[in-house]
Amino acid sequence: MKKVTLLLSLIALTLFSGYKAENPLYKDAKQPIEKRIEDLLARMTLEEKVMQLNQFTLGRNDNANNMADPVNDIPAQIGSLIYFGSNADLRNKVQKKAMEQSRLGIPIIFGYDVIHGFRTIYPISLAQACAWNPKLVEQACGVAAQEARMSGVDWTFSPMIDVARDGRWGRVAEGYGEDPYTNAVFTVASVKGYQGKDMSSEKNVAACLKHYVGYGASEAGRDYVYSEISRQTLWDTYMLPYEQGVKAGAATLMSSFNDISGTPGSANHYTLTEVLKNRWKHDGFVVSDWGSIEQLRPQGVAANKKEAALKAFIAGVEMDMMNRCYDNHLGQLVTEGKVPENLLNDAVRRVLRVKFRLGLFDRPYTRTTTEKQRFYLPESMKIAEQLAEESIVLLKNQNKTLPLNKAAKIAVIGPIAQTKWHLLGSWAAQGNAEDVTTVVDALKAEYKGKAEVTYALGCDFDGQDKKNFEEAKNVAANADVVVLCLGEKKNWSGENASRSTIALPQIQEELAVELKKLGKPVILVLSSGRPLELNRLEPISDAILTMWHPGTPGGKPLARVLSGRVNPSGKLSMTFPYSTGQIPIYYNYRQSARPHQGKYQDIQSTPLYEFAHGLSYTTFQYGDLKVSATQIKRGEKLTVEIPVSNTGDRDGVETVHWFIQDPVSTISRPIKELKYFEKQLVKKGETKIYQFDIDPERDLSFVDGDGKRFLETGDYNILVKNKKIKIEIVD
Ligand code: GLC
């Protein structure tokens with residue numbers, strides 16, 4: 001009996017140990033992620049750990065700003081690749097190499113810039129914010145995530161959440177405008193949309209909050225430059241979207257290019273470690289921006305790539321995006337004792353944690369699907385069209401020029417009228433221009449059988465060539481109304497796209513002046529990636545709308561708005577200055593010591609169109625603010641409400657923006673701060689109540705220069721449009 005027991009034990013031992021070798025714990029999907037991480041980490045060599053912290057590129061790099069020699073023979077141990085493919089074939093091929101030719105079979109995480117859509121391209125983010133519809137933005141990000149993940153991309157370098165107040169900076173197009181709260185709300189919506197409830201689903205991707213932090217403060221709107229940001233401004237303007245994004249569970253962040261008052265974003269231990277890791281307890285990882293580690297050299301804080309690697313890694317950047325700093329120097333820095341092993345291990349843990357949460361160890365390959373199965377699904381296009389409709393902002397509508405439903409002949413003129421490519425906007429990922437509907441085609445379809453639509457180019461986007469003016473004037477002369485479509489090229493905004501003025505090129509304004517001489521109503525349609533200087537175009541336009549860069553839907557949403565089938569509801573997420581010379585100009589400025597002096601001598605000191613400006617085809621009347629208590633103690637809450645009546649002749653959707661004001665505080669506070677917004681359909685003749693449930697700790701407090709929040713006793717004002725009601729906080 002004993003011999004049998006011994007024999008069985010030996011067999012069991014052999015089987016078990018053999019089992020252990022072929023199926024180590026980290027490959028066991030039933031084990032908790034943290035145990036799998038520790039098991040794998042314990043098996044890794046220094047070289048394998050370092051390689052997990054590097055990202056190269058795979059496929060044709062389509063970002064002209066970041067040309068670098070691709071790594072052609074990609075090592076099987078590489079941690080991440082930026083993937084430029086639109087299907088999963090190449091990605092799966094390289095993943096197979098990682099799974100089968102590396103010692104431990106650690107899957108690669110594939111990233112890409114899915115900023116406002118993958119193949120179905122949504123309006124640019126600045127436009128999306130003008131829709132004030134976080135649920136819809138979440139849905140749009142959900143579709144973008146699904147198209148991306150099913151095409152082989154596990155991780156998007158999005159949302160871009162840099163508060164920006166200088167339209168000369170091309171990247172204002174990528175974020176959600178000038179306001180910290182607005183950016184925070186859309187950060188949360190985007191993270192939820194991208195990551196869903198389970199990142200391992202083939203419909204979700206890991207999000208990446210970028211560019212951490214303060215990139216939007218780039219001096220004079222120039223890209224990649226110094227940003228003067230006091231600690232107070234860092235916290236009360238730039239940090240909120242990141243804090244909310246981390247709270248929402250964003251898997252990763254991207255460190256920024258800009259020098260934050262002497263310490264570049266990619267070497268900033270305070271932001272990257274003291275705040276992000278130690279205070280906010282972020283347990284994912286930070287990837288550098290492309291080159292932002294190596295760029296510590298021109299920024300003057302590193303003498304060479306090895307020192308750049310040291311500074312960035314110690315500061316808290318876990319992954320090196322195409323700097324070739326970590327792969328070449330990090331291992332040596334560890335061996336030399338300059339980088340502590342435990343810091344290296346923590347960085348690798350963070351990368352592995354995101355890979356495990358994405359399910360890449362258990363499902364490393366992307367399921368093969370056809371383009372029909374993953375792109376332009378009916379639901380995707382419906383969301384894209386709705387978001388594009390809701391992001392259109394009616395800036396001016398003199399004498400009810402719009403909606404356009406009486407004209408028999410409509411002349412559509414200008415460089416935006418017939419373009420497809422430029423309507424996609426910057427960072428258009430795998431968007432196909434041929435799938436975009438031009439403004440002309442959309443209007444022809446919209447007015448089929450109702451009006452004749454004619455077209456003339458008029459002029460190019462820029463240059464001095466007026467050879468097409470005559471034809472445009474003839475087409476306009478034979479029409480009842482001119483729809484003048486002006487704006488920006490796709491690459492005039494986005495990265496490395498700073499402009500010294502936000503005015504349109506002179507040729508476009510001259511065309512407008514010539515057409516106005518014909519005495520026809522002029523409807524100015526704008527398509528751009530930034531607010532524009534319109535002080536010369538405004539007086540010659542009877543109506544003005546911006547559709548921003550609308551994405552794949554192109555001119556279709558605009559056509560529905562012009563015809564009146566859709567009542568515009570968009571409101572500006574960024575101020576339209578009267579002149580470039582006013583920049584920076586934004587709604588939540590701090591009060592002047594002499595509010596009635598210090599004005600410009602040569603132009604007005606107010607913007608042309610304010611933050612949250614936007615008209616409707618109907619009219620809304622705001623009633624009086626009503627508050628549940630005029631005085632509350634700390635810890636108590638209160639509710640404010642306002643009735644809004646639709647006094648026009650058609651249904652309309654109205655967004656109410658709730659601002660707070662603290663007229664006297666320990667620090668000087670902005671003259672008003674957006675703290676809530678609500679969007680509702682108000683049918684004609686109907687009155688709807690809009691309500692703001694105020695939590696004073698959240699909504700009335702301010703942060704100091706180290707992010708500590710203070711709620712002070714005293715008077716506060718709650719503002720809606722030109723209405724104001726005072727409340728008091730007492731101890
Ligand atoms: C670029 C951009 C960043 C982008 C990255 C990868 O330089 O700054 O937003 O995600 O490189 O393309």
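Counting starts at 1 for both ligands and their atoms, following the listed order. Hydrogens, waters and symmetry mates play no part in the numbers below; they use all other heavy atoms, side chains included. Small disclaimer: the values here were computed from a predicted structure and weren't measured.
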Inset, instruction - Determine, step by step, whether Phe461 and Trp421 satisfy the ring pair (Phe, Tyr, Trp, His ring centres under 6.0 Å) criterion, reporting the C-alpha distance in whole Å, the side-chain angles of both residues, the deciding distance to 0.1 Å, and the verdict. - result: CA-CA 13 Å; Phe461 284 90; Trp421 172 246; over 10 Å; no
Inset, instruction - For the residue pair Phe186 and Tyr176, categorise the inter-ring angle as parallel (less than 30°), tilted (30 to 60°) or perpendicular (more than 60°). - result: parallel
Inset, instruction - Just jot down the ring pair (Phe, Tyr, Trp, His ring centres under 6.0 Å) partners of His211, sequence neighbours excluded, or say none. - result: Tyr215
Inset, instruction - Would you check ligand 1 and list the protein residues that come within less than 4.0 Å of it by any heavy atom, ordered by chain and number? - result: Asn63, Asn66, Asp113, Phe157, Arg171, Lys210, His211, Met254, Phe257, Asp289, Trp290, Met321, Trp427, Glu495
Inset, instruction - Examine Arg91 relative to Tyr83 and say whether NZ or CZ is less than 6.0 Å from the centre of the six-membered ring and inside a 45° cone about the ring axis. - result: no
Inset, instruction - Flag yes if more than 12 heavy atoms outside Lys203 fall under 6.0 Å of its NZ atom; otherwise flag no. - result: no
Inset, instruction - Let me know which of Gln146, Arg149, Arg367 forms a side-chain hydrogen bond (donor to acceptor under 3.5 Å, both in side chains) with Glu202. - result: Arg367
